[in-house]
**Q** 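Quick one: structure below, then a few questions.
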Amino acid sequence: MGSIPEKALGSTGKAIPLVGMGTAVYPSAPSETKDSVLHAIKVGYRHFDTASVYNSEKPLGEAIKMALQIGLINSRDELFVTSKLWGNNAHPHCVLPTLQQTLKNLELEYLDLYLIHWPLSMKPGNFEFPVKKEDLLPMDYASVWKDLEDCQKLGLTKAIGVSNFSSKKLDDLLRIATIPPAVNQVEMNALWQQKKLREFCTEKGIHITAYSPLGARGTPWGGDRVMECQVLKEIAQARGKTIAQVCLRWIYEQGVSVIVKSFNKERMKENLAIFDWELTAEDIQKIDQIQQFKGVPALEFISDEGPYRSLVELWDEEIQF
């Protein structure tokens with residue numbers, strides 16, 4: 001299998017592989033995660049996505065260490081590792097020690113990409129998931145972002161970015177940033193295409209990474225809508241591909257990188273077999289016309305006492321879900 005195409009991240013000097021493996025499992029499964037990451041490296045994945053809240057940093061680090069020991073990779077530099085700052089540590093002066101703990105968990109000297117996980121903070125201390133609404137707090141964007149910039153300047157991460165930010169929130173951040181965010185990781189799939197956000201990010205030179213490309217079926221935050229979509233089923237049948245391959249190919253053709261989570265060995269390989277064929281113009285037109293539904297509205301972050309009292313305040317637009 002050939003190598004996965006990459007895209008340069010602005011002026012960072014880093015290139016992001018356009019298909020990566022996700023490690024968000026609920027409840028967490030460390031030994032399964034470690035074994036699956038090792039197999040993923042074996043079949044060609046080089047981009048791995050984790051977060052402090054996933055409890056997958058340690059097993060990912062163990063898998064990377066073993067991959068080096070047994071010669072699956074020659075150097076850590078062959079990998080692209082992303083992690084994320086959870087809201088309980090999204091406070092001034094908490095960012096650096098939190099990133100240092102993430103690096104300790106991963107047994108790495110640096111990350112390739114460090115993201116603010118959500119545009120909000122939570123009460124400092126041990127994090128809980130699901131989130132307690134009374135713990136939700138507004139984020140001090142200027143101070144938290146400056147701390148991320150300092151982490152990049154120290155070489156602890158090659159690039160910095162955000163996740164789940166709307167165009168408006170990105171615009172607000174760009175006004176105060178010295179180093180602009182390299183990436184915005186957001187929910188994106190054929191049923192939630194993010195056209196306006198993609199246009200904004202392209203204009204500003206911010207790369208988009210898509211999560212939940214298949215709708216996150218089987219998770220507390222996902223559902224069946226994407227994989228049960230009749231339009232996608234018909235295209236997959238006509239192309240002789242799986243529905244997942246059609247979904248991932250469509251995202252790839254938008255110039256977006258994608259995080260896909262499967263611990264099934266056969267599906268891991270299938271999810272990489274998207275680079276030697278194309279969707280037709282008719283396929284693209286059909287996908288463009290699919291009714292849009294957001295799969296991750298994030299109702300858990302809406303509270304009369306918190307920073308966002310409605311979904312419109314969180315996403316800065318009306319959403320269907």
Side-chain angles (χ1 to χ4, degrees), residues 1-24 30-52 54-85 95-115 148-161 163 179 181-183 185 207 209 211 252 256-263 265 268-269 271-275:
M1 188 174 289
S3 61
I4 295 169
E6 299 180 337
K7 188 164 188 175
L9 289 181
S11 59
T12 64
K14 283 299 297 184
I16 187 168
L18 291 176
V19 175
M21 180 182 176
T23 61
S31 64
E32 189 186 3
T33 300
K34 178 184 173 183
D35 292 345
S36 296
V37 169
L38 257 181
H39 184 75
I41 293 173
K42 201 175 289 184
V43 298
Y45 288 83
R46 293 296 179 264
H47 176 184
F48 294 92
D49 182 86
T50 183
S52 55
Y54 300 163
N55 287 320
S56 62
E57 290 176 337
K58 285 186 177 179
L60 173 56
E62 288 167 5
I64 292 170
K65 189 176 181 180
M66 185 167 284
L68 283 162
Q69 287 172 350
I70 64 178
L72 290 179
I73 50 174
N74 296 316
S75 164
R76 178 265 179 265
D77 296 348
E78 293 176 33
L79 303 179
F80 189 102
V81 180
T82 299
S83 194
K84 308 180 197 78
L85 176 74
V95 178
L96 176 59
T98 303
L99 175 52
Q100 288 170 327
Q101 182 59 52
T102 279
L103 292 171
K104 186 178 176 185
N105 291 343
L106 287 161
E107 299 183 69
L108 297 178
E109 293 182 358
Y110 68 90
L111 289 179
D112 297 283
L113 180 62
Y114 197 41
L115 306 176
L148 261 86
E149 291 178 335
D150 289 344
C151 289
Q152 181 171 332
K153 289 171 186 172
L154 288 168
L156 299 177
T157 181
K158 301 293 185 185
I160 53 177
S163 183
I179 301 173
V183 169
Q185 185 181 123
H207 177 75
T209 297
Y211 72 75
Y252 171 68
V256 170
S257 59
V258 59
I259 300 300
V260 60
K261 194 242 108 189
S262 178
F263 287 178
K265 290 182 177 181
M268 276 190 211
K269 285 172 69 177
N271 291 342
L272 290 185
I274 63 167
F275 302 117

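The analysis underlying the following values was restricted to heavy atoms, covering all of them including side chains, and did not include hydrogens, waters or symmetry mates.
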**Q** If you measure from CG on Leu148 to OG1 on Thr98, what distance do you get to the nearest 0.5 Å?
**A**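 It is 10.0 Å, given to the nearest 0.5 Å.
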**Q** Would you say Leu96 and Cys151 make side-chain contact, with heavy atoms under 4.5 Å?
**A**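 They are in contact (side-chain heavy atoms under 4.5 Å apart), so the answer is yes.
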**Q** Does some side-chain heavy atom of Val258 sit less than 4.5 Å from a side-chain heavy atom of Tyr252?
**A** no
**Q** Decide yes or no for Asp112 and Ile16: does some side-chain heavy atom of the first lie under 4.5 Å from some side-chain heavy atom of the second?
**A**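 No, too far: nothing below the 4.5 Å cut-off.
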**Q** How many angstroms lie between CG in Asn271 and CE in Met21, if you round to the nearest 0.5 Å?
**A** 10.0 Å
**Q** Enter the distance from Asp77:CG to Lys14:NZ here, rounded to the nearest 0.5 Å.
**A** 6.5 Å
**Q** Tell me, do Asn55 and Thr33 make a side-chain contact under 4.5 Å, heavy atoms counted?
**A** no
**Q** Are any of the side-chain heavy atoms of Leu85 and Leu99 separated by less than 4.5 Å?
**A**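 Sidechains of Leu99 and Leu85: no contact.
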**Q** Considering residues, nucleotides and ligands other than Lys153, do more than 12 of their heavy atoms fall under 6.0 Å from its NZ?
**A** yes
**Q** With Ala63, which residues qualify under side-chain contact (heavy atoms from CB on, under 4.5 Å), at least two apart?
**A**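 Scan of Ala63 (side-chain contact (heavy atoms from CB on, under 4.5 Å), adjacent residues dropped) gives Lys34, Val37, Leu38.
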**Q** Side-chain donor-acceptor pair under 3.5 Å between Thr50 and Ser56, yes or no?
**A** yes
**Q** Whether Lys158 engages the ring of Tyr110 as a cation-pi pair (distance to the six-membered ring centre under 6.0 angstrom, angle to the ring normal within 45°) should be assessed.
**A**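 Output yes; distance and angle both within limits.
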**Q** Please report the interatomic distance NZ(Lys261) to OG(Ser36), rounded to the nearest 0.5 Å.
**A** 7.5 Å
**Q** Would you confirm whether Asn105, through its side chain, and Lys58, through its main-chain N or O, come within 3.5 Å as a donor-acceptor pair?
**A** no
**Q** Any chance you could measure Leu103, atom CG, to Leu156, atom CG, to the nearest 0.5 Å?
**A** 6.0 Å
**Q** If you measure from the Lys or Arg side-chain nitrogens to the Asp or Glu carboxylate oxygens, is any gap between Asp35 and Lys265 under 4.0 Å?
**A** no
**Q** Kindly indicate whether the side chain of His47, heavy atoms from C-beta on, has any atom under 4.5 Å from the side chain of Ile4.
**A**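 Counting from C-beta outward, His47 and Ile4 never come under 4.5 Å.
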**Q** Would you confirm whether Glu107, through its side chain, and Gly61, through its main-chain N or O, come within 3.5 Å as a donor-acceptor pair?
**A**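 No.
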**Q** Just by modelled atom types, is the Ser75 backbone N or O under 3.5 Å from a matching donor or acceptor in the Glu78 side chain?
**A** yes
**Q** Nearest 0.5 Å, what's the CG-CG distance between Leu108 and Leu79?
**A**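 Nearest 0.5 Å value for the CG-CG distance: 8.5 Å.
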**Q** Side-chain contact test, heavy atoms from C-beta onward, threshold under 4.5 Å: evaluate it for Thr209 versus Asp49 and give yes or no.
**A**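 No, side chains not in contact.
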**Q** Between Lys84 and Gln185, is there a side-chain heavy-atom distance shorter than 4.5 Å?
**A** yes
